2 protein chains.
Amino acid sequence: MPRAPQRLTRKPATPAPRRTRPVPKPEAMPFDRRQQILVEAARLFAAKGFEATSVRDIANATGILAGSLYYHFASKEELFVAVHAAGMEILIRTAQDAIRDVRDPWDRLAAAAAAHCTALLESSDFMLLVVPNFPKSIGQYRDELIRQRDEYEAIISQVVAGLDLPPTIDPRLFRLHFIGALNWTQSWFRPASGLTPAEIGRQLVAMLRPPTIPGSESPSS
Amino acid sequence: MPRAPQRLTRKPATPAPRRTRPVPKPEAMPFDRRQQILVEAARLFAAKGFEATSVRDIANATGILAGSLYYHFASKEELFVAVHAAGMEILIRTAQDAIRDVRDPWDRLAAAAAAHCTALLESSDFMLLVVPNFPKSIGQYRDELIRQRDEYEAIISQVVAGLDLPPTIDPRLFRLHFIGALNWTQSWFRPASGLTPAEIGRQLVAMLRPPTIPGSESPSS
DNA sequence: CTATCAAACGAGCGATTGTTTGGCAAATTT
DNA sequence: AAATTTGCCAAACAATCGCTCGTTTGATAG
């Protein structure tokens with residue numbers, strides 16, 4: 001049951017059946033409403049877009065009323081920024097973990113591509129990349145969003161810089177097209193297609209990687 | 001004067017007979033209101049997104065009142081579909097023109113890429129590709145939109161099929177990543193960057209094309 | 001002159017939008 | 001036990017949404 005509006009307030013006058021942990025250990029994430037709102041908002045933003053999703057939709061999916069959202073978030077826009085930040089955090093962490101132990105430049109790129117696709121397609125609700133230049137009404141938070149993206153793209157830039165590209169290829173354009181192809185997967189990927197996200201990412205690198213020349217195999221580290 | 005709400009109402013000397021009746025003097029292109037609405041709608045959809053653009057915005061930019069839009073278009077959604085169709089038409093025509101006289105398979109791909117980028121970035125208002133899975137509210141028109149896209153992608157499919165790809169590369173994935181990288185350019189391209197759209201497209205093909213082997217230089221078939 | 005028609009106006013409909021406010025029970029702190 | 005904070009409800013708010021509809025204007029055809 002994906003949608004379970006649990007309204008555990010106001011009602012229990014005296015009865016024993018407690019829905020929550022009787023003693024919510026302060027450490028143990030006492031049924032974090034804020035997180036729950038974030039998840040539902042992400043799902044709806046991804047499914048319908050920012051503008052088409054109303055705060056009542058989000059509240060309803062969470063099991064609370066619209067006005068109650070404003071206890072946790074100052075505005076709908078701030079909620080969007082929070083979802084975006086969570087997504088970028090996943091993306092950055094996944095990518096860094098993936099390339100940490102890989103030495104060969106092209107293998108690093110392949111690892112990064114696989115990680116990018118995996119995060120993008122398996123946590124897709126949080127990956128609001130494809131909201132093109134994001135909702136125009138986002139206004140004041142725009143710079144913050146761009147900063148979050150740049151932080152990730154810097155990682156890819158560094159991996160690309162390690163490649164030994166022919167002089168005819170502009171590394172910047174290489175990175176832009178590389179990330180572009182990966183990001184676009186979100187608009188055509190279907191889980192049932194038999195291809196895993198990681199395979200899709202690695203295949204892209206296979207297209208870009210220069211063919212191994214029979215004469216020279218593994219020249220050096 | 002970029003935005004000139006020209007309210008020359010009551011004025012249409014030859015009132016653009018969109019539907020029926022008399023012979024529409026084809027000579028003077030009599031200030032087609034429908035076309036004008038289409039252009040303004042495209043600009044606003046591209047700038048702010050479908051949901052964030054109100055019919056009053058569009059009417060205002062055109063120099064008429066909101067209600068008057070409904071003489072030309074049955075609904076806001078139908079207007080969106082019309083803009084999308086116009087964009088796809090541009091894209092299809094541009095691509096077909098570009099590859100018509102090119103024989104070499106990789107050169108054909110380069111020509112298609114250059115054409116795609118040019119159409120995408122220079123008529124960008126009409127290219128509503130990046131509206132992710134388009135507005136969910138589009139509902140009943142969804143199939144029509146998909147059909148319009150598939151018609152274009154079929155052209156690229158045919159060009160890709162002409163390539164002599166290594167057996168490790170799936171042509172379908174090649175096409176998806178290829179189109180993905182091209183479509184994504186819309187989210188980072190800035191006209192002042194010194195790169196032309198055509199160059200950006202050709203550079204992508206340069207990254208994908210296998211390096212010319214010094215020994216064999218003859219273009220077979 | 002009269003009838004018809006395209007094209008727009010202008011008012012307003014009901015519904016929905018994001019947000020604010022006041023209050024209240026439960027949980028926590030003092 | 002008292003005081004305070006937390007988390008939410010319930011109701012409203014002004015603004016805006018897509019859209020409808022009766023009316024009016026100017027042009028053209030018979």
Side-chain angles (χ1 to χ4, degrees), chain A residues 5-26 30-37 41 44-45 48-60 62-80 135 137-141, chain B residues 5-25 30-37 41 44-45 48-60 62-80 135 137-140:
Chain A
Q6 32 200 341
R7 174 176 280 127
L8 57 129
T9 48
R10 186 55 46 86
K11 215 59 219 300
T14 32
R18 316 270 296 187
R19 302 275 305 273
T20 51
R21 291 272 192 259
V23 183
K25 300 184 178 181
F31 186 60
D32 194 341
R33 254 292 150 69
R34 190 188 149 98
Q35 186 70 19
Q36 195 188 359
I37 294 169
L44 288 166
F45 287 158
K48 311 199 305 177
F50 175 76
E51 315 275 359
T53 301
S54 72
V55 294
R56 282 174 180 79
D57 289 339
I58 300 168
N60 202 27
T62 314
I64 60 176
L65 293 194
S68 309
L69 282 181
Y70 288 81
Y71 178 80
H72 301 276
F73 296 93
S75 69
K76 187 189 177 189
E77 300 179 5
E78 194 183 290
L79 178 49
F80 179 89
S137 62
I138 217 69
Q140 64 179 107
Y141 298 99
Chain B
Q6 35 197 342
R7 180 172 309 212
L8 50 134
T9 48
R10 297 296 111 76
K11 206 60 211 312
T14 29
R18 245 317 161 173
R19 300 290 300 278
T20 54
R21 291 321 271 322
V23 180
K25 298 195 174 181
F31 186 60
D32 193 338
R33 252 295 148 69
R34 191 188 149 98
Q35 186 70 19
Q36 195 189 359
I37 294 170
L44 288 166
F45 287 158
K48 311 200 304 175
F50 176 76
E51 315 276 359
T53 301
S54 71
V55 294
R56 284 175 178 84
D57 288 338
I58 300 169
N60 200 29
T62 314
I64 61 177
L65 292 195
S68 310
L69 280 182
Y70 288 81
Y71 177 80
H72 301 276
F73 296 93
S75 67
K76 187 190 176 188
E77 301 179 5
E78 194 182 291
L79 179 49
F80 180 89
S137 63
I138 218 69
Q140 67 180 112

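Every value quoted in this text rests on a predicted model; they were computed, and no experiment measured them. Every chain is numbered from 1 and lettered A, B, ... according to where its sequence line falls, protein lines coming before strand lines.
A:Leu65 has its CG atom 6 Å from the P atom of D:dA10, to the nearest Å. Taking atom CZ of A:Phe80 as the reference point, atom C1' of C:dT19 lies 20 Å away to the nearest angstrom. In this structure, A:Asp32 atom CG and D:dT6 atom P are separated by 14 Å, rounded to whole Å. Taking atom CZ on A:Arg34 and atom C1' on D:dT6, their separation rounds to 15 Å, with Å as the unit. Distance B:Leu69 CG to D:dC17 C1': 14 Å, rounded to the nearest Å. Between the P atom of C:dC9 and the CZ atom of B:Arg33 lies a distance of 7 Å, rounded to the nearest Å. The CD1 atom of B:Ile58 sits 13 Å away from the C1' atom of D:dC17 (whole-angstrom rounding).
Once rounded to the nearest 0.5 Å, the distance linking NE2 of A:His72 with CD of A:Glu78 reads 12.5 Å. If you take CD on B:Gln35 and OG1 on B:Thr62, they are separated by 11.5 Å, rounding to the nearest 0.5 Å. With values rounded to the nearest 0.5 angstrom, A:Gln36 atom CD is found 12.5 Å from A:Ile58 atom CD1.
Within the structure, a side-chain polar atom (N or O) of B:Tyr71 is placed less than 4.0 Å from OP1 or OP2 of C:dA7. Residue B:His72 has a polar side-chain atom (N or O) positioned under 4.0 Å from OP1 or OP2 of C:dA8.
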Restricting both atoms to N or O, compile the protein contacts to nucleotides 18-20 of chain D shorter than 3.5 Å, with distance only.
residue, atom, partner, partner atom, Å
D:dG18, OP1, B:Thr53, O, 3.2
D:dG18, OP1, B:Lys76, NZ, 2.7
D:dG18, OP2, B:Val55, N, 3.0
D:dG18, N7, B:Arg56, NH1, 2.9
D:dG18, O6, B:Arg56, NH2, 2.9
D:dC19, OP2, B:Tyr70, OH, 2.5
D:dC19, OP2, B:Lys76, N, 3.0
D:dC19, O5', B:Tyr70, OH, 3.3
D:dC19, N4, B:Arg56, NH2, 3.4

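Residues passing the side-chain hydrogen bond (donor to acceptor under 3.5 Å, both in side chains) test with A:Ser75, sequence neighbours excluded: none.
Between B:Phe50 and B:Phe80, the ring planes lie perpendicular to each other; the angle is over 60°, past the 30° to 60° tilted range.
Taking the side chain as every heavy atom from C-beta outward, B:Ile64 and B:Ile37 approach each other to under 4.5 Å.
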